[in-house]
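Encoded as structure tokens, here's the structure I'll be asking about.
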Amino acid sequence: MPTTDLGLEKTLAALAITEAAQVNARFAVLRAHFDGQFQTVHDESEWKLFRDRWLGRKSGVLTLITDNWLKPATPELKRAVGQELNKLRAHVESQIEARRVAIESGTEESALLRERIDLSLAGVIRPIGSHHLICQVFQEIEDIFFSIGFSVVEGPEIETPYYNFEALNIPEFHPVRDDMDTFYLELPPSSDKKTAPTPLLLRTHTSPMQIRTMEKHKPPVRVIVPGKVYRRDNPDATHSFAFHQIEGLAVDTDITFCDFTGTIEYFVKQFFGPSVKTRFRPSYFPFTEPSVEFDVSCPFCGGTGAAAGGGTCSKCKGAAWIELFGAGMVDPAVYGFVNYDAKKVSGFAFGIGIDRLAMLKYGIDDIQVFFQNDVRFLRQFP
Ligand code: PHE
């Protein structure tokens, strides 16, 4: 509030003040105004300005009060105004003098420094975030594979058909391409076939990283590849057009089918607990031969298919086994694409669907919750 708003230019009569109580109230306002402004006075130049505004001979606040309020006051009010003015003057003078001493001795400055961090203020509580459940499961699986000598690599989510399909032994017009309802990127059209850009697509699995890894490194290779993959699926409780996989690849001179099943069994027991059993069934992938589908004995009913309270287990639907993921021994044809000698090396690969695994382990019945970012869900997995 500038001092002009305080009515200092007017007489008390003009301000319609007729009683001592009103005078007291006016002075209370003035004093509060003084105290408020006084907070902002920290150095010598601010102090001088402030002193002149209040104590200046010609037009300081106290002079104005004397001239405009006290002198023209009615005899009934004069006494009250005089008393209040004296009190205010004493307050103003003593405060201003005290601040001068403080500024001169530098204590004001050090007090300011001290007060810059006000430890008595209530703090701002910022909620601490946590890793998304999918990240936690990635981490868990990575740790398991770290412990047996795998390392992590990551690759592009936008791929060429060569890496996503051809080099994985899936030629154009191979029927398995139909299963992978693929998202192709819209590229600028070209009239000339020769300059037409290479088509690009969102990778439908993490398997392209098998090829990229083997192109870069000579055997032995032992990697896992966590990442996002995309397929043109309609969203429902178990489908999403984006989901997560961890690819695994181990290639060396003497890797056997036993190494393969032993590794998978180790992983599954670490992840679900030591009492689960694994089994595999024949399957088909163009880039593995033989190919298998791994199952785990249902960790929820102990592989009995029966619910604890009677009836069938709701997780495995009474089957006692749960389908986990696809895998197999690397098809020798794939080695041809990366200049490995198929006669000398062998290996295995697997592709674990993370969302499905997380749903199983943590009892989640709708894959969509992973993508909705509802904090009520996220908070349950701190
Ligand atoms: N890429 C396959 C899929 O997404 C899974 C897989 C990976 C199978 C590695 C065998 C070996 O379905």
Side-chain angles (χ1 to χ4, degrees), residues 134 138 141-142 145 150 152-157 159-171 174-183 201-214 221-233 238-252 255-257 259-265 267-268 278-296 322-335 337-338 340 345-358 367:
I134 293 291
F138 268 139
I141 297 177
E142 284 167 22
F145 282 102
F150 282 72
V152 173
V153 291
E154 285 184 280
E157 288 171 27
E159 268 296 5
T160 60
Y162 177 76
Y163 286 107
N164 198 80
F165 296 126
E166 273 112 77
L168 287 162
N169 204 26
I170 314 175
H174 191 292
V176 298
R177 287 210 190 186
D178 297 347
D179 294 343
M180 304 224 184
D181 301 300
T182 311
F183 290 114
L201 52 89
L202 297 181
R203 65 178 176 193
T204 58
H205 50 182
T206 41
S207 302
M209 277 307 287
Q210 290 188 29
I211 306 302
R212 289 185 181 276
T213 306
M214 288 190 282
V221 165
R222 240 179 277 129
V223 293
I224 51 171
V225 189
K228 288 197 194 78
V229 300
Y230 304 85
R231 293 185 199 175
R232 223 203 74 239
D233 272 330
T238 53
H239 292 86
S240 163
F241 49 81
F243 57 103
H244 306 83
Q245 289 187 333
I246 284 194
E247 191 80 9
L249 175 71
V251 180
D252 204 344
I255 289 189
T256 65
F257 198 84
D259 296 321
F260 168 44
T261 53
T263 305
I264 300 296
E265 188 160 323
F267 159 67
V268 172
T278 54
R279 73 173 185 190
F280 56 83
R281 294 170 288 113
S283 182
Y284 174 73
F285 300 100
F287 40 95
T288 47
E289 181 61 33
S291 301
V292 303
E293 199 72 45
F294 263 95
D295 295 346
V296 59
I322 291 178
E323 252 186 69
L324 270 194
F325 54 84
M329 298 301 286
V330 177
D331 192 311
V334 172
Y335 295 132
F337 288 93
V338 295
Y340 276 21
V345 295
S346 56
F348 60 85
F350 53 87
I352 307 173
I354 300 304
D355 311 74
R356 194 176 138 64
L357 221 59
I367 193 175

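Every number for a ligand or one of its atoms is a count from 1 in the order of the listing.
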Legend entry - Best match, Gly248, Ser283, Ser207, Gly351: closest heavy atom to atom 1 (N) of ligand 1: Ser207

Inset, instruction - Could you tell me whether Thr288 and ligand 1 have an N or O pair separated by under 3.5 Å? - result: no

Legend entry - ligand 1 atoms in contact with Phe350 (distance to a heavy atom under 4.0 Å): 7 (C), 9 (C), 11 (C)

Inset, instruction - Kindly compute the distance separating CD (Glu323) from CG (Asp295), expressed to the nearest 0.5 Å. - result: 6.0 Å

Inset, instruction - Would you check the N or O atoms of Gln210, main chain and side chain alike, for any that come under 3.5 Å of an N or O of ligand 1? - result: no

Inset, instruction - Would you tell me which option among Gln245, Arg203, His205, Glu247 has the nearest heavy-atom contact to atom 9 (C) of ligand 1? - result: Glu247

Legend entry - CZ/Phe241: more than 12 non-hydrogen atoms of other groups inside 6.0 Å: no

Legend entry - Taking atom 3 (C) of ligand 1 as the reference point, the nearest protein heavy atom with its distance: Arg231 NH2, 3.7 Å

Inset, instruction - Give a yes or no on whether the backbone of Arg281 and the side-chain of Glu293 come within a donor-acceptor separation of less than 3.5 Å. - result: no

Legend entry - Neighbour count >12 (heavy atoms, 6.0 Å) for atom CZ, Arg279: yes

Inset, instruction - Please answer whether the main-chain N or O of Pro156 pairs with a side-chain N or O of Arg203 as donor and acceptor at a distance below 3.5 Å. - result: yes

Inset, instruction - Could you establish whether Phe287 and ligand 1 come within less than 4.0 Å of each other, counting only heavy atoms on the residue side? - result: yes

Legend entry - Backbone of Val334 reached by a side-chain donor or acceptor of Asn169 within 3.5 Å: no

